[in-house]
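Naming convention: chains lettered A, B, ... in sequence-line order (proteins, then strands); numbering from 1 in each chain. Every heavy atom of this structure was used, including side-chain atoms; hydrogens, water molecules and symmetry mates were not.
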Amino acid sequence: MAKNLLIVESPAKAKTIEGYLGKDFLVKSSYGHIRDLVKTDDAIDTDDNFKQKYEVPSDKKALVSELKKLAKSAETVWLASDEDREGEAISWHLYETLGLKDDKTKRIVFHEITKPAILKAIESPRKIDFNLVNAQQARRVLDRLVGFELSPVLWKKVKPSLSAGRVQSVAVRLIVERERDINKFNAEAAFKVVAIFNTGNQKDRFKAELPNRFPTVEEASQFLNDCANAVFNIKSLETKPSKRSPSAPFTTSTLQQEASRKLGFSVARTMQVAQRLYEAGRITYMRTDSVNLSDTALQGAKSEIINAYGDKYHKLRQFRTKSAGAQEAHEAIRPTYFNDHTIEGDNSEKRLYELIWKRSIASQMTEAEFEKTTAKINISTRSEDLVASGEIMKFDGFLKVYFESSDDDNDDIDLDNSDNSILPPLSNGQNLNLETMNATERFSRPPARFTEASLVKKLEELGIGRPSTYAPTISTIQNRGYVVKEDRDGKERSFKVLTLTDGKISEVTKTEITGAERNKMFPTDIGVLVNDFLVQHFKGIVDYHFTAKVEKEFDEIAQGFKEWTHMLSNFYGPFHSEVQNTLDNADRATHERELGIDPVSGKPISVRVGRFGPLVQIGSADDEEKPAFASLRKGQMIETITLEEALELFKLPKKVGEFEDKEMTVAIGRFGPYIRHNSSFYSLPKGLDPLDVEQDQAIEIIKEKRQKDKDKVIKVFDENPDAKIENGRWGPFVRFGKQNLKIPKGTEVEKITYADVLKWAEEDPKAAGSKKAKTTKTTKAKKK
DNA sequence: CAGTGAGCGAGCTTCCGCTTGACTT
């Protein structure tokens with residue numbers, strides 16, 4: 001039996017450390033927390049100094065008894081959980097639960113998983129820091145009290161099974177308020193002037209812009225008119241050097257943002273893939289708020305950069321964490337071995353690793369150097385100047401490996417697609433030829449909707465949530481139905497373009513699609529309802545700065561300046577009376593809106609949330625004739641739907657005639673408008689209004705879809721016409737009745753036999769059972 | 001991808017943060 005038992009939080013870490021220490025050390029993992037508050041309402045006794053009831057969850061029982069046994073036979077137990085609030089609490093829980101003895105227990109911490117760092121840690125053990133533990137208890141208890149008192153208020157006043165919490169409710173609030181800002185926003189139009197000049201040589205074309213915009217078409221037109229007979233020359237030339245520095249290496253949040261922008265990953269996917277890389281030993285720990293690199297990492301990056309790019313590309317950089325509430329128990333996310341530029345693995349692993357490698361390497365590289373030239377162009381007939389600017393890279397520096405993307409997309413209209421960042425050689429006073437000049441009507445843009453990743457960024461800025469909870473929080477608010485992540489179609493908008501060429505001005509009206517969104521976060525009606533209720537009755541909790549405020553107090557507890565139960569009773573007293581007061585006095589939250597009167601029947605029209613979601617109702621329940629109902633569609637909300645839009649909803653589904661003796665119906669479903677015929681669904685082509693569809697057109701669409709489906713079939717098996725090989729979106733696959741089977745890698749499609757199909761169908765994991773285990777629960781709940 | 005849309009009200013739901021595997025219908 002080993003003399004020493006060392007316990008860390010993560011099994012992957014345990015494996016690495018075991019290799020560094022001799023056989024005198026047995027290294028085990030606690031797999032995070034080993035116990036938690038009991039799940040019932042009596043977990044905390046608010047009348048007895050917030051005394052807590054803990055339990056070891058059932059899935060941790062076996063682990064705990066194993067650790068207990070090992071601890072008993074060890075001479076010394078080393079508690080090596082992370083050096084932060086939660087880590088300290090894990091050590092304390094281990095100490096209590098495993099029944100450790102004070103003289104046999106040592107607490108150690110290290111920030112990097114290297115042999116010297118761990119040996120050094122072992123040389124300087126300490127005791128458990130109970131100030132830190134108390135800070136964690138305060139955090140844990142506060143979250144439980146808030147969550148388990150607020151949620152039941154929602155069950156009573158809004159709808160059962162809803163939830164509220166210090167983190168999730170603020171996340172929802174951010175999305176709801178952003179949506180309102182967007183709805184409130186009034187786009188202002190103005191004319192932007194862009195000119196294309198040359199220096200007499202057609203090859204040397206370049207772009208110049210007018211710094212200010214014209215609010216009206218008349219002013220823009222006047223400007224172009226003046227320019228028609230003007231002489232243009234260079235008024236001034238200025239060249240300035242500029243530099244750009246690389247960003248810090250990745251934290252959880254910045255990794256999620258970049259993987260979202262560059263690879264299109266959801267935050268959950270990023271974390272899954274990163275976890276696999278971590279377990280394979282390719283990267284350091286992926287849940288971190290630190291931008292710090294260890295000395296070994298700095299050395300590794302340095303030698304790799306000098307090796308691959310040369311001395312002048314290396315620059316030692318130490319980054320400081322700027323995010324609020326960072327605890328920095330780990331390093332930044334970086335490759336474990338910098339000399340591996342790429343790795344083996346699936347596509348997503350390779351791409352994410354490459355992103356991490358590049359960002360880490362770039363963070364230790366020199367600045368990129370530019371020379372920016374700005375030319376002012378005089379217009380003989382006007383007082384304004386046009387401005388042309390160009391940028392030349394003098395030295396690439398870190399840009400050799402990494403280019404960070406940003407959230408802002410550029411909507412400039414480029415008059416030519418060539419690289420307009422370089423200016424031809426110019427000199428002061430030089431005359432220029434105007435090729436063409438445009439005044440284009442541009443609109444100011446509303447605030448951007450959140451993506452998963454930009455929401456994480458915002459939460460991090462506010463100090464809300466932790467690296468380990470960003471992805472789960474994003475999932476929770478979607479699972480509760482407070483927000484949805486989806487695509488929405490934009491609307492058409494027309495804009496004017498004035499063009500001056502060869503001294504003549506022409507005007508055209510063009511159209512563009514505006515407001516189209518992909519993979520963005522939208523609030524739902526229930527999300528709005530819950531948010532407004534919480535803001536009205538619990539302003540303090542859903543305040544954006546609530547977390548920052550209590551974090552400050554947790555820090556004071558951690559430093560021993562404040563008593564944790566004292567802090568909690570200061571909070572809980574007023575909070576609990578707010579809860580009581582709301583339960584006793586607040587009305588049931590409803591979100592009903594009267595839209596007006598139906599012009600056909602003269603009955604009132606209203607919108608509200610029903611049992612199956614938001615709906616429009618014509619007439620009231622008291623009428624003799626039953627009211628008519630229709631569900632709201634994707635993108636429509638109680639808050640913003642208009643009377644006209646509501647009336648539209650009653651025009652569908654609509655019968656459009658018959659085909660093959662069966663009725664055809666047009667309706668709008670989750671995936672857009674469709675024709676339903678003989679229990680099959682046929683999507684309508686984009687841009688076709690479902691109300692306009694007539695019988696002949698519908699038949700055409702059905703026939704076309706059938707032909708397309710036929711064309712997709714590569715082969716039908718003689719043994720069974722329900723088994724076929726088809727061309728799908730991602731290549732060929734086998735359709736076998738209702739099962740869709742993946743063709744194993746390396747299989748030649750022509751050589752697939754029916755026997756293969758039967759075998760694959762047998763092995764298909766989805767075939768065994770895809771039904772949700774929800775049925776048992778609901779039937780149980782139904783019995784009287 | 002249908003249409004449905006109350007109600008007498010049993011007994012259920014729920015937090016945040018730390019970490020990975022996992023009963024089988």
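- For B:dC15, one of the phosphate oxygens OP1 or OP2 lies less than 4.0 angstrom from a side-chain nitrogen or oxygen of A:R480.
- Distance A:F538 CZ to B:dC15 P: 16 Å, rounded to the nearest Å.
- Comparing A:Q275 and A:L145, the nucleotide of DNA chain B nearest to each residue sits closer to the 5' end for A:L145.
- Between A:Q168 and the phosphate of B:dC15, there is a side-chain N or O to OP1/OP2 separation shorter than 4.0 Å.
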### Task
Take A:E331 and A:H111 through the test side chain to side chain donor-acceptor pair (under 3.5 Å) and record every step on the way to the result.
CA-CA 7 Å; A:E331 272 191 77; A:H111 297 250; over 6 Å; no

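- What separates OH of A:Y674 from C1' of B:dA2 is a distance of 6 Å, to the nearest Å.
- The base of B:dG3 lies outside donor-acceptor range of the side chain of A:S631, with no N or O pair under 3.5 Å.
- Within 3.5 Å, no donor on the side chain of A:R466 pairs with an acceptor on the base of B:dC18, nor the reverse.
- Here, B:dT13 and B:dG9 have their C1' atoms 16 Å apart, quoted to the whole Å.
- Salt bridge present: A:E648 and A:K651 bring a charged side-chain N and a carboxylate O closer than 4.0 Å.
- The side chain of A:R287 contributes an N or O atom lying less than 4.0 Å from OP1 or OP2 of B:dT19.
- Salt bridge annotation for A:E645-A:R633: absent, with no cationic side-chain nitrogen under 4.0 angstrom from a carboxylate oxygen.
- Residue A:T469 has no polar side-chain atom (N or O) positioned under 4.0 Å from OP1 or OP2 of B:dC16.
- In this structure, A:F148 forms an aromatic stack with the base of B:dT14, since both conditions hold: centre separation below 5.5 Å and plane angle below 30°.
- When the C1' atom of B:dT20 is taken as reference, atom CD1 of A:I90 falls 13 Å away, rounded to whole Å.
- Looking at A:S161, its side chain comes within 3.5 Å of the base of B:dT13 through a donor and an acceptor atom.
- OP1 or OP2 of B:dC15 sits under 4.0 Å from a side-chain N or O of A:S163.
- When the side-chain nitrogen and oxygen atoms of A:Y285 are compared with OP1 and OP2 of B:dT19, one or more of them lie within a distance under 4.0 Å.
- By the 5.5 angstrom centroid cut-off and the 30-degree plane limit, A:W155 is classified as not stacked against the base of B:dT14.
- For A:R166, a side-chain nitrogen or oxygen approaches OP1 or OP2 of B:dG17 to under 4.0 Å.
- Here A:K68 does not pair with A:E66 in a salt bridge; the nearest charged N to carboxylate O distance is not below 4.0 Å.
- Judged by ring centres under 5.5 Å apart and planes tilted less than 30 degrees, A:Y31 fails to stack against the six-membered base ring of B:dC18.
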### Task
Verify side chain to side chain donor-acceptor pair (under 3.5 Å) between A:E9 and A:S30, making sure each step is shown before the conclusion.
CA-CA 5 Å; A:E9 290 181 36; A:S30 73; 5.9 Å; no

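- The phosphate of B:dC18 has neither OP1 nor OP2 within less than 4.0 Å of any side-chain N or O from A:S10.
- Atom pair A:H33:NE2 and B:dC18:P shows a separation of 7 Å (rounding to whole Å applied).
- The phosphate of B:dC1 (OP1 or OP2) has no side-chain N or O of A:R676 nearer than 4.0 angstrom.
- A sub-4.0 Å separation between OP1 or OP2 of B:dC18 and a side-chain N or O of A:S468 is present.
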### Query
After noting the C-alpha distance and the side-chain angles of A:D143 and A:R139, does the key distance pass the salt bridge (Lys or Arg N to Asp or Glu O under 4.0 Å) rule?
CA-CA 6 Å; A:D143 281 336; A:R139 200 280 305 156; 2.8 Å; yes

